[in-house]
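Naming convention: chains lettered A, B, ... in sequence-line order (proteins, then strands); numbering from 1 in each chain. We use all heavy atoms of the structure for the numbers below, so side chains are in, but hydrogens, waters and symmetry mates are not.
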Amino acid sequence: MLDIKALRQDPHAIEKALQRRNPDFSIDAVLAIDEKRRALLQEEEVLRNQRNALNKELATLKKAGENADAVMETAKAISERIKAIESEKDALAEEQDRIVMSLPNLPHESVKDGNSEEDNEEIRRWGCDFKARPLAEVPPHWETGVALNWIDFERGVKLAKSRFSVFRGNGALLVRSLIRLMLDVHTTQHGYEELVLPLLVNEASMTGTGQLPKFGEDMYKVAEDDLYLIPTSEVPITNLYRDEIVEASQLPMQFTAHTPCFRREAGSAGRDTRGLIRQHQFDKVELVHITTAESSFDALEALTSHAERILQILELPYRVVSLCTGDIGFSAAKTYDIEVWMPSQGVYREISSCSNTLDFQARRMNLRYRSAEGEKPQFCHTLNGSGIAVGRTIAAILENYVIDAHTLRIPKALVPYMNGLEHATF
RNA sequence: GGAGAAGUGUCCGAGUGGUCUAUGGUGCAGUCCUGGAAAGACUGUGUAGGGGUGACUCUACCGAGAGUUCGAAUCUCUCCUUCUCCGCCA
């Protein structure tokens, strides 16, 4: 959520920043509503003050047993006016909220202008030396996955619907091994606290991180209980301290968690229909930082490097890109995507997305910290990133580690987790 | 799921329609006292939004929301949470 005070103070600058995302943004309507609402608020407060005075007078009169009809008459009239003003004011506040809550975050100045992922800026590449594997033509990961009998796409569809799948045997073990490896690295080497979280969350949590009110159609909703299946564990992790004031000494906080994630993929019909790239349910290990304004950009570099570390340990080639204004997400001020090399298609595919949301989410969820005793509480900065998506990592392994027509090598770091398995043949 | 009880400030806890600052204690901070400390005394002590250069001041907040009333922590309704008992259950 953008700061309404900043919006009031410097509307032109904020509108210009928003228009870097989309030239259609205008904040005139919000400002007009805000002005009206504040005028009503002032009027209401004056009236309340008058009514409080009259009520005090009334109490004294009643106690003395004197006639209070005239005063009561006046008080009644004031109360009626307050009621009228209040309902008008509430309607305006609701409208203002609705608009402000659906405005995205301002892109950071270091983010390049652009319309789509074509305009993203490549920051660095890693592991390009071993990008070219011996096999000239690498089959797509879904063929290898099925040939190994590690992935059963058809029965996943039978059990649920398309874009659901089943992992079996060493394929299931691979899922578990990746989750364990990632959590182990983040907790023992990068200083994260591990969490096990609710997979269903309420509307307030979804609003806090920015999924609601705008992106409700992307999520599975359990209507009967007013709960949503999480599209990412960013939601329950970041909302952990919602509506709280934390002590500066508790910051920065670093959390990691493995959860399944659920997405309806409403707008992606026909895209990535084969394989593990775009599933309705997938496993992910998430990284979240809750920190201060002073350190959030350093935290973004750290968080990104923590996600990269997993790819380095797995020896998967990747590159890091900085998203342009047209590709960056709703809540983010700046985002680095990490893209893994997929040899069957000869392209890099997103496997992690690391964002600094500044105080955008913290303001929505009223998450604050006190920098020192007696100081006013101020909003935290929150960051999140995948560390990393498990399904897409498996896809990358099933392509980058095919060493001949019938052999898949297991990444060295995974062998202990895979009960010593070094190769799988198909 | 059924029956009952409760939710007040950091915490404990009083308050069942009206005296502007929501009793009292506790915790915390400051001052006094002291050689120093403890004890004691006094003062202050949350959040948000307004107004004023400022000392300050106004408005709202007693789990959440709605209602009754000139006036609600207090009465009514709905919801949430916790506790006790019963039922069901990995």
**Student:** Just to confirm, is there a sub-4.0 Å distance from OP1 or OP2 of B/G49 to any side-chain nitrogen or oxygen of A/R38?
**Tutor:**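 No, because none of the side-chain N or O atoms of A/R38 sits under 4.0 Å from OP1 or OP2 of B/G49.
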**Student:** Keeping A/S205 on the side-chain end and A/V201 on the backbone end, is there a donor-acceptor pair under 3.5 Å?
**Tutor:** no
**Student:** Please give the nucleotide sitting opposite B/G1 as a Watson-Crick or G-U wobble pair, both distances under 3.5 Å, or none.
**Tutor:**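 Its partner is B/C86.
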**Student:** Measure from CG on A/D226 to C1' on B/U81 and round the result to the nearest Å.
**Tutor:** 17 Å
**Student:** Determine the interplanar angle of the A/F297 and A/H108 rings, folded into 0 to 90°, and report it as parallel if under 30°, tilted if 30 to 60°, perpendicular if over 60°.
**Tutor:** tilted
**Student:** Now, which nucleotide makes the Watson-Crick or G-U wobble pair with B/G65, with each of the two distances under 3.5 Å?
**Tutor:** B/C77
**Student:** What's the separation between atom NE2 in A/H258 and atom NZ in A/K284, rounded to the nearest 0.5 Å?
**Tutor:** 10.5 Å
**Student:** When you measure from the side chain of A/E350 to the backbone of A/E339, do you find a donor-acceptor pair of N or O atoms at a distance under 3.5 Å?
**Tutor:**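 Side chain of A/E350 to backbone of A/E339: no pair is present.
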**Student:** Return the pairing partner of B/A60 with a 3.5 Å limit on both distances, Watson-Crick or G-U wobble; otherwise return none.
**Tutor:**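 B/U47 is the nucleotide pairing with B/A60.
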**Student:** Nearest whole angstrom, please: distance from the P of B/C79 to the CG of A/D225.
**Tutor:** 15 Å
**Student:** May I have the list of side-chain donor-acceptor pairs in residues 36-43 of chain A shorter than 3.5 Å, sequence neighbours left out?
**Tutor:**
unit_1 : atom_1 : unit_2 : atom_2 : d
A/R37  : NE     : A/Q96  : OE1    : 2.9
A/R37  : NH2    : A/D34  : OD1    : 2.9
A/E43  : OE2    : A/R81  : NH2    : 3.1

**Student:** Tell me whether A/D272 is salt-bridged to A/R349, with the criterion being a basic N under 4.0 Å from an acidic carboxylate O.
**Tutor:** yes
**Student:** Using both distances under 3.5 Å as the test, list the Watson-Crick or G-U wobble partner of B/G71, or none.
**Tutor:**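 Across any shown strand, B/G71 pairs with none.
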**Student:** Taking the inter-plane angle between the rings of A/H186 and A/H190 on a 0 to 90° scale, is it parallel (under 30°), tilted (30 to 60°) or perpendicular (over 60°)?
**Tutor:**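 Plane angle between 30° and 60°, so tilted.
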**Student:** Strictly by Watson-Crick or wobble contacts shorter than 3.5 Å, is anything paired with B/U31, and which nucleotide is it?
**Tutor:**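 Matched B/U31 with B/A41 under the 3.5 Å cut-off.
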**Student:** Go ahead and name the base partner of B/C11; Watson-Crick or wobble counts if both distances stay under 3.5 Å, otherwise write none.
**Tutor:**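 Matched B/C11 with B/G25 under the 3.5 Å cut-off.
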**Student:** By nearest heavy atom, map A/L58 and A/I245 onto RNA chain B; which one lands nearer the 5' end?
**Tutor:**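 That would be A/I245.
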**Student:** What is the distance from CD of A/E203 to C1' of B/C79, rounded to the nearest Å?
**Tutor:**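 In whole Å, B/C79 C1' and A/E203 CD are 15 Å from each other.
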**Student:** Can you measure A/D3 atom CG to B/A48 atom P for me and round it to whole angstrom units?
**Tutor:**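 Those two atoms, CG and P, are 13 Å apart.
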**Student:** Rounding to a whole Å, what distance do you find between A/R37:CZ and B/G49:C1'?
**Tutor:** 9 Å
**Student:** Hey, does A/L54 reach any base, or is it just sugar-phosphate, or nothing, if we go heavy atoms under 4.0 Å?
**Tutor:** nothing
**Student:** Taking B/C61 as the reference, what is the distance to B/A22 when you measure between their C1' atoms (whole Å, please)?
**Tutor:** 12 Å
**Student:** I'd like a table of donor-acceptor pairs (distance under 3.5 Å, sequence neighbours excluded) in which one partner is a side-chain atom from residues 413-426 of chain A, with atom names and distances.
**Tutor:**
unit_1 : atom_1 : unit_2 : atom_2 : d
A/Y417 : OH     : A/D184 : OD2    : 2.6

**Student:** In whole angstrom, what separates A/K5's NZ from B/G51's P?
**Tutor:**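 Going from A/K5 (NZ) to B/G51 (P), I get 10 Å.
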**Student:** Provide the distance between the two C1' atoms, one in B/C77 and one in B/U59, to the nearest whole Å.
**Tutor:**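 It comes out at 27 Å once rounded to the nearest Å.
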**Student:** Tell me which residues in residues 358-368 of chain A lie within less than 4.0 Å of RNA chain B, going by non-hydrogen atoms.
**Tutor:** A/R368
**Student:** Among the nucleotides B/C70, B/A48, B/G49, which one has an atom lying closest to any side-chain atom of A/K76?
**Tutor:**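 Out of B/C70, B/A48, B/G49, the nucleotide with an atom closest to A/K76's side chain is B/C70.
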**Student:** If you pin A/E73 and A/P377 to their nearest nucleotides in RNA chain B, which one's is more 5'?
**Tutor:**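 Nearer the 5' end of the strand: A/P377.
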**Student:** Please determine if A/R163 and A/E265 form a salt bridge, counting it only when a charged side-chain N lies under 4.0 Å from a carboxylate O.
**Tutor:**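 Here A/R163 does not pair with A/E265 in a salt bridge, since their nearest N and O are not under 4.0 Å apart.
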**Student:** For the pair made of CD in A/E244 and P in B/U10, what is the distance, rounded to whole Å?
**Tutor:** 13 Å
**Student:** Working to the nearest 0.5 Å, report the span between CG of A/L398 and OG1 of A/T144.
**Tutor:**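 Rounded to the nearest 0.5 Å, the CG-OG1 separation comes out at 6.0 Å.
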**Student:** Any ring-ring contact (aromatic ring centres under 6.0 Å, His included) involving residues 143-173 of chain A? Give me the pairs, sequence neighbours left out, ordered by first then second residue.
**Tutor:** A/F164-A/H280
**Student:** Looking at A/R98 and A/E95, does any basic side-chain N land under 4.0 Å from a carboxylate oxygen?
**Tutor:** yes
**Student:** For A/E286, does its backbone N or O pair with a side-chain atom of A/T256 as donor and acceptor, under 3.5 Å?
**Tutor:**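 Yes; judged by distance alone, with no hydrogens or angles, the pair exists.
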**Student:** In whole angstroms, how far is the P atom of B/G65 from the CD atom of A/E94?
**Tutor:** 14 Å
**Student:** Polar-atom pairs under 3.5 Å, protein N or O versus N or O of nucleotides 57-60 of chain B: list them with distances, or write none.
**Tutor:**
unit_1 : atom_1 : unit_2 : atom_2 : d
B/U59  : OP1    : A/N49  : OD1    : 3.2
B/U59  : OP1    : A/N52  : ND2    : 3.2

**Student:** Do any of residues 77-87 of chain A sit with a heavy atom less than 4.0 Å from RNA chain B, and if so which?
**Tutor:** A/S79, A/K83
